[in-house]
Visitor: 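Please read through the structure below; I'll follow up with questions.
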Amino acid sequence: MALVVFVLFPKQLIDIYSYGISVAILGVSFKYNQNFVHPHDRGESSPSWPNSGAELEYFIKQHFDYFENVFIQSALAYSFTCIWRFRKPLNFYRHDELYLVPFGVFTSLYVPTILQLFFQGDTWNIYWPYLALIFPSLMLIVDAVYSVSAIYRFFKRAYTITRLTIDTIGIQVFIENQWIRLQIPKVLRLYYIQRIAVQSIYYYVKFADEQYHDSNIYSYYHLIDFTSLGKLIAIKSCDTTIALLGMTSIISFLAHYLGVFLAFCVGSDSDEDKNMGTVSAILFFILGLQTGLTGLRPDERLIRLCKNFCLLFTAISHFIHSMVHPLLMSLSASRSTNIKRHVRVLSMCAFLLTFPLCLLIYLWSNYSISTWLLAVTAFSIEVMLKVLVSLTVYTLFIFDAYREKFWEGLDDYVYYIQSTGNTIEFIFGIFLFCNGAWIMVFESGGAIRAVMMCIHAYFNIWMQAKEGWKVFMKRRTAVNKINSLPAASLEQLQDLNDVCAICYQELNSARITRCNHYFHGVCLRKWLYVQDNCPLCHELIYQPEDTQSQEAKQNNNHVPQHEPNQNVGQQVVEEDIDVALNNGNVEAPQVPPYDHTLRNRYQARRDRMNIADIQHPDVPIVNADVFQ
């Protein structure tokens with residue numbers, strides 16, 4: 001029921017709250033009327049009306065409870081009427097009903113007071129408060145009956161709109177829109193803050209009273225142990241699933257602005273770098289469910305909460321590294337001379353090296369070895385390794401920026417460094433999977449932990465191994481293709497006197513493609529990661545050996561097809577034509593008129609020679625797509 005009320009629109013919420021407040025008003029009115037007509041001795045069976053001013057004053061003092069109840073019932077009736085008018089539009093009732101209904105409400109709530117005034121001490125007075133509720137209750141029932149059809153239409157329309165929306169934009173976008181409409185994070189934050197405030201005040205007063213009675217000292221402030229108070233509030237702040245969601249929303253709020261601040265510090269303007277709040281919230285909530293945080297004993301819950309925060313801090317360190325790494329690579333590749341930008345990013349790298357190291361020193365100094373400590377250690381070492389790899393690649397790029405000549409081996413060094421880092425990360429992923437399996441089998445299992453282990457095994461182990469093997473095979477294939485191409489000699493490079501068409505750097509060494517184009521071996525290898533065609537003429541750069549052997553075999557086994565009436569003399573004439581064409585003689589010899597095959601071959605060779613005279617054979621024909 002609470003979930004249904006939570007997802008309603010504001011108009012429906014106002015109607016529900018108005019019904020609830022109206023019922024509460026009637027309950028308060030019933031309670032006051034019941035206390036008023038409760039049998040007690042009033043001194044007289046009926047009041048004597050005053051005849052003078054002194055008697056009036058005495059009458060008011062003697063019957064003050066009458067005036068008090070009239071005032072209270074008037075305020076309650078006025079509130080009930082205002083809420084009734086607010087809930088229903090003015091055109092729902094006739095004009096006379098708008099005045100008769102409030103009059104009936106006031107009269108009904110005055111009934112116990114009026115009857116008590118004239119029938120004081122009557123045995124039926126205990127039923128008068130129930131009599132006062134008849135007319136207002138009938139009003140609420142009538143309104144509820146009239147609202148049944150509206151409720152049915154509302155839920156039917158909501159179901160239709162929901163179904164059409166999901167079919168149009170998908171369930172994921174629909175959930176995101178409802179998440180934004182309902183402002184769930186803000187609601188959870190307000191709930192958690194109010195809960196913490198109430199608990200803080202309650203336990204503060206409770207501790208103060210207990211210690212005051214024990215020591216008889218009036219100074220509360222000096223008696224309170226705020227450390228114990230903070231621990232108790234931390235334990236009580238995540239004892240239910242809703243409270244855990246509230247704490248998650250607070251962590252998301254703080255982590256979001258922390259991410260914004262760090263992005264400002266390093267000079268990042270990417271929107272993805274500002275999603276630290278979402279990532280932190282999801283991770284913390286999953287850790288809470290995975291470790292069974294809400295079901296632990298109070299002392300164990302506090303310890304587990306601290307452990308989860310340590311894991312969360314290491315995860316935030318990984319997120320910060322994913323923010324810093326692209327900036328490092330872009331600064332080194334762009335050869336930026338802005339020292340402030342370099343210092344800001346390098347300072348963040350120094351923090352990523354210092355914070356995990358200090359955390360590990362503190363944890364290993366104060367705690368014994370355990371599966372949790374091994375997990376935190378693995379995450380911390382992994383983030384430090386990532387930072388070292390990024391700094392090493394950054395240093396190589398900066399060093400290359402100040403070199404005058406092209407550094408052809410830079411790509412190999414970068415590949416070896418990154419592959420080493422990825423291999424170590426893969427080993428850490430396997431270690432964490434084994435650590436989680438040990439926890440699930442021997443410490444604390446559960447369906448959520450099993451699901452998270454499957455997700456970890458798929459994304460961090462299987463997919464990472466698959467992508468790494470794919471990159472390795474691409475590089476290996478590209479290296480084999482490059483090695484099959486001839487290397488250009490120094491004389492050829494001097495005669496060419498050109499730059500590499502891929503990187504526009506000087507050609508100190510080069511590979512020659514089948515289409516007689518010169519490129520750096522490293523540049524051509526990167527190009528072969530994408531496609532096997534020449535960057536300039538789009539000819540096939542590399543042809544597998546089996547394809548070459550098949551083509552050679554087909555050429556060797558090819559026998560010219562002759563007509564049955566052909567003889568050896570015709571073959572001799574064909575060979576004479578070939579010799580004449582090769583010697584530059586363009587005049588065709590006389591051939592028998594019936595040899596159409598020989599005449600067609602001669603004409604094709606003559607056309608090819610004429611084209612060769614027009615086009616220089618050393619000038620490549622560049623495809624126009626290269627310049628588009």
Side-chain angles (χ1 to χ4, degrees), residues 188-189 191-193 195-196 199-200 203 225-255 258 276-319 355-356 358-383 431-456:
L188 291 174
R189 282 197 296 269
Y191 161 76
Y192 187 78
I193 292 173
R195 178 188 173 95
I196 291 296
Q199 288 180 345
S200 301
Y203 287 111
D225 185 2
F226 288 98
T227 303
S228 301
L229 180 62
K231 290 181 179 180
L232 182 59
I233 293 174
I235 292 171
K236 295 294 184 180
S237 63
C238 55
D239 55 351
T240 63
T241 304
I242 302 299
L244 183 62
L245 285 171
M247 179 180 286
T248 302
S249 65
I250 295 293
I251 291 174
S252 174
F253 180 79
L254 298 176
L258 177 62
M276 184 185 295
T278 304
V279 176
S280 302
I282 294 174
L283 179 60
F284 180 79
F285 186 69
I286 291 176
L287 285 174
L289 295 180
Q290 181 176 320
T291 56
L293 189 63
T294 57
L296 298 175
R297 296 197 305 270
D299 52 345
E300 295 180 352
R301 186 184 304 141
L302 181 60
I303 297 173
R304 175 52 60 182
L305 184 63
C306 296
K307 292 180 179 180
N308 289 352
F309 273 114
C310 289
L311 290 171
L312 180 63
F313 292 153
T314 56
I316 291 177
S317 300
H318 283 266
F319 187 89
F355 172 73
C358 296
L359 180 63
L360 289 181
I361 293 173
Y362 172 78
L363 293 178
W364 281 94
S365 301
N366 295 275
Y367 297 93
S368 59
I369 186 171
S370 61
T371 53
W372 159 78
L373 186 56
L374 291 176
V376 175
T377 303
F379 278 120
S380 301
I381 295 177
E382 185 178 356
V383 71
F431 171 76
L432 290 173
F433 178 80
C434 297
N435 187 67
W438 179 275
I439 295 174
M440 188 177 66
V441 174
F442 297 101
E443 295 184 9
S444 61
I448 298 177
R449 185 180 294 276
V451 171
M452 294 306 301
M453 285 185 60
C454 293
I455 295 175
H456 171 74

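Please read all numbers here as calculations on a predicted model, not as lab measurements.
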Visitor: Rounded at 0.5 Å granularity, tell me how far OH in Tyr203 sits from OG in Ser228.
Guide: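 Separation between the atoms: 13.5 Å.
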Visitor: What I'd like to find out is whether the side chain of Ile361 reaches to under 4.5 Å of the side chain of Ser365, using heavy atoms alone.
Guide: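 When only atoms from C-beta onward are counted, Ser365 and Ile361 do touch, with a gap below 4.5 Å.
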Visitor: Are Leu311 and Leu287 side-chain neighbours, meaning at least one heavy-atom pair lies under 4.5 Å?
Guide: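 In short, these two side chains touch, coming nearer than 4.5 Å.
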Visitor: Do Leu374 and Phe431 have side chains that get closer than 4.5 Å, going by heavy atoms?
Guide: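 Yes, their side chains come closer than 4.5 Å.
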Visitor: Working to the nearest 0.5 Å, report the span between CE of Met453 and CD of Gln290.
Guide: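 Here the interatomic distance stands at 9.0 Å.
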Visitor: Rounded to the nearest 0.5 Å, how far apart are CD1 of Ile233 and CZ of Arg195?
Guide: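 Nearest 0.5 Å value for the CD1-CZ distance: 11.5 Å.
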Visitor: Considering non-hydrogen atoms only, spot the tightest contact between Val383 and Pro356 and give its length.
Guide: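 Smallest heavy-atom distance, with atoms named: CG1-CG, 3.7 Å.
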Visitor: Do Trp372 and Leu363 touch side chain to side chain, with heavy atoms closer than 4.5 Å?
Guide: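 SC-SC contact between Trp372 and Leu363 confirmed.
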Visitor: To the closest 0.5 Å, what do you measure between CZ (Phe313) and CZ (Phe355)?
Guide: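 Answer rounded to 0.5 Å: 6.0 Å.
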Visitor: Locate the shortest heavy-atom distance separating Met247 from Tyr192; write the atom from each residue and the value.
Guide: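 Closest pair (atom of Met247, atom of Tyr192, distance): CE-OH, 3.1 Å.
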Visitor: Work out which heavy atom in Ile235 is nearest to a heavy atom in Pro298; give both atom names and the distance.
Guide: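 Heavy-atom minimum between the residues: CD1-O, 3.4 Å.
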Visitor: Classify the ring geometry of Phe309 against Phe284: parallel below 30°, tilted from 30° to 60°, perpendicular beyond 60°.
Guide: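 Ring orientation of Phe309 relative to Phe284: tilted.
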Visitor: State, yes or no, whether a side-chain contact exists between Leu296 and Ile303 at a heavy-atom distance under 4.5 Å.
Guide: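 When only atoms from C-beta onward are counted, Ile303 and Leu296 do not touch, as no gap falls below 4.5 Å.
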Visitor: Answer whether the closest heavy-atom distance between the side chains of Val279 and Ile316 falls below 4.5 Å.
Guide: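 Not in contact.
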Visitor: Check whether any side-chain heavy atom of Ile369 lies under 4.5 Å from a side-chain heavy atom of Trp364, and answer yes or no.
Guide: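 The answer is yes, as the side chains (C-beta and beyond) meet within the 4.5 Å cut-off.
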Visitor: Output yes when a side-chain donor or acceptor of His318 lies under 3.5 Å from a complementary backbone atom of Ser380, and no otherwise.
Guide: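 Pair absent, no side-chain N/O of His318 close to backbone of Ser380.
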Visitor: For Gln199 and Ser237, does a side-chain donor sit closer than 3.5 Å to a side-chain acceptor?
Guide: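 Absent: no donor and acceptor within the cut-off.
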Visitor: Checking Ser252 now: which residues fulfil side-chain contact (heavy atoms from CB on, under 4.5 Å) with it, not counting sequence neighbours?
Guide: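 Scan of Ser252 (side-chain contact (heavy atoms from CB on, under 4.5 Å), adjacent residues dropped) gives Ala281.
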Visitor: If every non-hydrogen atom of Leu283 is compared with every non-hydrogen atom of Ala315, which pair is closest and at what distance?
Guide: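 Taking Leu283 first and Ala315 second, the nearest heavy atoms are CD2-CB, 3.0 Å.
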Visitor: Return the minimal non-hydrogen interatomic distance between Leu432 and Ala375, and the atom names on each side.
Guide: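 Shortest heavy-atom separation between Leu432 and Ala375 comes out as CD2-CA, 4.0 Å.
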Visitor: Please give me the minimum heavy-atom distance between Arg301 and Leu293, naming the atom from each residue.
Guide: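 So the minimum-distance heavy-atom pair works out to NE-O, 3.3 Å.
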Visitor: Give, for atom CG of Leu360 and atom CG of Leu373, the distance between the pair rounded to the nearest 0.5 Å.
Guide: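 It comes to 8.0 Å.
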Visitor: Taking the side chain as C-beta and beyond, is there a heavy-atom pair between Thr294 and Asp239 under 4.5 Å?
Guide: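 When only atoms from C-beta onward are counted, Asp239 and Thr294 do not touch, as no gap falls below 4.5 Å.
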Visitor: As an exercise, state the distance from CD of Glu443 to CH2 of Trp438, rounded to the nearest 0.5 Å.
Guide: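 Reported value, rounded in 0.5 Å steps: 8.5 Å.
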